[in-house]
Amino acid sequence: MKKITAKGFLIKLKEYALVTFAAILNAISLYTFVNPNHLIAGGFSGLSSALTYIVDPLIPSMGYDELMSIVYIIINIPLLICSLIFLRGDFTFKTIWSTIVCTAALAVLAYLPDLKFDHSRLIAIIFGGILIGLAMYIAYEQNGSNGGTEIIARIVSKYHPEIDLSKVLLISNFIITFGGSIIVMWKVGADIAIVIYSITYVIIGSTSMGMLKRGFNHPQKFMIVTTEYEQIASDITRYFKRGCTCMDVVNSDPNAPPRKVVMVIIQYRQRKHLRALIKNRDPHAFTFVKDVNDIFSRPTFNRSYKL
């Protein structure tokens, strides 16, 4: 059995504290912005909202928000059991903890009606979407999740890594959101605008999570095909404090001057300076740029920026 050190314990404590915070943010987004405006979130949060609208008339003694907290954990239990069987490990325990905290937070928030915001659906979808995006990002960074479709995605990716799960999740979220919105229209007499608002909420949440994962100064890869490769490489090393790679080019035109491809990865905020440098050294250089998702072997990449 692996010995738990004091440092390891503090790291785990920090991770679970952040997962707890993410679960509370998820509950606040649902209670404060989603439920009062009859919106339907994506995933199992949206599914629990839709099912609560159906079950609510059958249990008049309980309020909608209190009942939703019960429905939320009930529909997540089978997935959590599957996660224990097929995934196990740190992800499963953090997801179980997140589901419990979110359920408890929804039950507690049901006694705080002043926190509900129903003055403007547009403001609700913006702030609610940002909150849910932040909650998903924090949980993801700590190797956890808010349950629901994220568990299904993990199980499927374990046995079928070739499947594009982003499209599967996007389609499933849209199906749940659209179907749940139809139930809302049926139960509370809302108009078709509720479908548009709910889908916009899901899009804002996904976009917010993506922006946080990429960062606001995400890396970019420049591929510069140029005859002035020595000068450009020297300037990059000198002014940007970055290493770069020079690759040979085979010209289809035998009379063309010798060229090389200079490859370098920089921050987004540096791009205008590099473009000016390339234009100054070789206005005819052929350059294309690609976004880079992660620099996993250089955790201090952003902090080492100099110009």
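Atom set for the values below is all heavy atoms of this structure, side chains included, hydrogens, waters and symmetry mates excluded.
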Engineer: Check side-chain contact (heavy atoms from CB on, under 4.5 Å) between Leu112 and all other residues, then give those that pass, not counting sequence neighbours.
Structural biologist: Leu109, Leu115
Engineer: For the residue pair Pro257 and Thr227, what are the closest heavy atoms and their distance?
Structural biologist: CG-CG2, 3.8 Å
Engineer: Quick one: CZ on Phe178 to OG on Ser198, what's the gap to the nearest 0.5 Å?
Structural biologist: 11.0 Å
Engineer: I'd like to know if the side chain of Gln270 reaches the main chain of Gln267, judged simply by a donor and an acceptor atom lying under 3.5 Å from each other, with no hydrogens or angles considered.
Structural biologist: yes
Engineer: Quick one: CD1 on Ile96 to CD1 on Ile100, what's the gap to the nearest 0.5 Å?
Structural biologist: 7.0 Å
Engineer: Nearest 0.5 angstrom please: Asn35 CG to Asp118 CG, how far?
Structural biologist: 11.5 Å
Engineer: Whether the side chain of Ser29 engages the backbone of Gly128 through a donor-acceptor N/O pair (distance < 3.5 Å, no angle test) should be reported.
Structural biologist: yes
Engineer: Is the shortest side-chain heavy-atom distance between Met185 and Ile192 below 4.5 Å?
Structural biologist: yes
Engineer: Are the side chains of Leu274 and Val264 in touch, meaning some heavy atoms are under 4.5 Å apart?
Structural biologist: yes
Engineer: To the nearest 0.5 angstrom, please state how far the OG atom of Ser48 sits from the CG atom of Leu106.
Structural biologist: 8.0 Å
Engineer: So do the side chains of Arg242 and Thr237 get within less than 4.5 Å of each other, counting heavy atoms only?
Structural biologist: no
Engineer: Taking side-chain hydrogen bond (donor to acceptor under 3.5 Å, both in side chains) as the definition, give me every residue that meets it alongside Asn37, ordered by chain and number, with sequence neighbours left out.
Structural biologist: none
Engineer: Just checking Tyr140: does its OH atom have more than 12 heavy atoms from other residues, nucleotides or ligands closer to it than 6.0 angstrom?
Structural biologist: no
Engineer: Within the side chain of Thr99, is there an N or O that forms a donor-acceptor pair under 3.5 Å with the backbone of Thr95?
Structural biologist: yes
Engineer: Using atom types as modelled, flag every donor-acceptor pair under 3.5 Å from a side chain in residues 15-26 to any protein atom, sequence neighbours excluded.
Structural biologist:
| unit_1 | atom_1 | unit_2 | atom_2 | d |
| --- | --- | --- | --- | --- |
| Glu15 | OE1 | Lys94 | NZ | 2.7 |
| Thr20 | OG1 | Tyr16 | O | 2.7 |
| Thr20 | OG1 | Trp97 | NE1 | 2.7 |

Engineer: About how many Å separate CD1 of Ile278 and CD1 of Ile224, when rounded to the nearest 0.5 Å?
Structural biologist: 3.5 Å
Engineer: If you compare all heavy atoms of Pro57 against all heavy atoms of Ile54, which two are closest, and at what distance to 0.1 Å?
Structural biologist: CD-O, 3.3 Å
Engineer: For Ile11, what are the other residues in its hydrophobic cluster, where any two members join if their side-chain heavy atoms are less than 4.5 angstrom apart?
Structural biologist: none
Engineer: Quick one: do Phe44 and Ile151 satisfy side-chain contact (heavy atoms from CB on, under 4.5 Å)? Show the steps, please.
Structural biologist: CA-CA 10 Å; Phe44 271 45; Ile151 297 176; over 6 Å; no
Engineer: State, with a plain yes or no, whether a side-chain heavy atom of Phe93 is found less than 4.5 Å away from one of Leu84.
Structural biologist: yes
Engineer: Which pair of non-hydrogen atoms, one from Asn173 and one from Gly42, has the smallest distance, and what is that distance?
Structural biologist: OD1-C, 3.7 Å
Engineer: Among all residues two or more places apart in sequence or in another chain, which pass the side-chain hydrogen bond (donor to acceptor under 3.5 Å, both in side chains) test with Ser49?
Structural biologist: none
Engineer: Could you list the residues that satisfy ring pair (Phe, Tyr, Trp, His ring centres under 6.0 Å) with Tyr64, not counting sequence neighbours?
Structural biologist: Tyr53
Engineer: Between Leu30 and Met68, does a side-chain contact (heavy atoms from CB on, under 4.5 Å) hold up when you go through it step by step?
Structural biologist: CA-CA 10 Å; Leu30 293 172; Met68 180 186 170; 3.9 Å; yes
Engineer: Does a sphere of radius 6.0 Å around CZ in Arg275 hold more than 12 heavy atoms from other residues, nucleotides or ligands, not counting ones at 6.0 Å or beyond?
Structural biologist: no
Engineer: Would you check if Lys12 and Asp90 make a side-chain contact, meaning some heavy-atom pair closer than 4.5 Å?
Structural biologist: yes
Engineer: Could you go step by step and tell me if His273 and Tyr239 meet the side-chain contact (heavy atoms from CB on, under 4.5 Å) rule?
Structural biologist: CA-CA 10 Å; His273 302 293; Tyr239 295 116; over 6 Å; no
Engineer: Is the backbone N or O of Ala41 less than 3.5 Å from a side-chain atom of Ser45, with the two atoms forming a donor-acceptor pair by type?
Structural biologist: no
Engineer: Examine distances only and state if a side-chain atom of Ser208 and a backbone atom of Gly133 form a donor-acceptor pair shorter than 3.5 Å.
Structural biologist: no
Engineer: Quick one: side-chain hydrogen bond (donor to acceptor under 3.5 Å, both in side chains) partners of Lys116, sequence neighbours excluded?
Structural biologist: Asp65
Engineer: Locate the shortest heavy-atom distance separating Val262 from Ile236; write the atom from each residue and the value.
Structural biologist: CG1-CD1, 4.1 Å
Engineer: Do the side chains of Thr32 and Phe127 get nearer than 4.5 Å, heavy atoms only?
Structural biologist: no
Engineer: Between the side chains of Gln231 and Arg281, is a donor N or O closer than 3.5 angstrom to an acceptor N or O?
Structural biologist: no
Engineer: Is it true that Val188 and Ile196 fall in one hydrophobic cluster, defined by side-chain heavy atoms closer than 4.5 Å?
Structural biologist: no
Engineer: Using a 4.5 Å cut-off between side-chain heavy atoms of Ile, Leu, Val, Met, Phe, Trp and Tyr, which other residues end up in the same hydrophobic cluster as Tyr111?
Structural biologist: none
Engineer: Do you know which two heavy atoms are closest between Tyr201 and Ile125, and how far apart they sit?
Structural biologist: CD1-O, 3.9 Å
Engineer: For His119, check ring pair (Phe, Tyr, Trp, His ring centres under 6.0 Å) against everything at least two apart and list the hits.
Structural biologist: Phe117
Engineer: Strictly below 4.0 Å, N to O, side chains only: are Lys187 and Asp56 in salt-bridge contact?
Structural biologist: no
Engineer: If hydrophobic residues (ILVMFWY) are linked whenever their side-chain heavy atoms come closer than 4.5 Å, directly or via other members, who joins Val108 in its cluster?
Structural biologist: none
Engineer: Any non-hydrogen side-chain atom of His38 less than 4.5 Å from a side-chain atom of Tyr197?
Structural biologist: no
Engineer: So Gln220 and Ile265, side-chain contact (heavy atoms from CB on, under 4.5 Å) or not? Walk me through it.
Structural biologist: CA-CA 5 Å; Gln220 289 193 318; Ile265 296 177; over 6 Å; no
Engineer: Of all heavy-atom pairs between Thr5 and Gly8, which one has the smallest distance, and what is that distance?
Structural biologist: OG1-N, 3.1 Å
Engineer: Side chains of Cys82 and Ile155: does their closest heavy-atom pair fall under 4.5 Å?
Structural biologist: yes
Engineer: If you round to the nearest 0.5 Å, how far is OG1 of Thr287 from CD1 of Ile232?
Structural biologist: 7.0 Å
Engineer: Could you name each residue pair satisfying side-chain hydrogen bond (donor to acceptor under 3.5 Å, both in side chains) that touches residues 68-85, not counting sequence neighbours?
Structural biologist: Ser83-Thr92
Engineer: Got a donor-acceptor contact below 3.5 angstrom from the Lys241 side chain to the Arg238 backbone?
Structural biologist: yes
Engineer: Which residues end up grouped with Val261 if you chain together Ile, Leu, Val, Met, Phe, Trp and Tyr wherever their side-chain heavy atoms are less than 4.5 Å apart?
Structural biologist: Met223, Val225, Met247, Val249, Met263, Phe286, Phe288
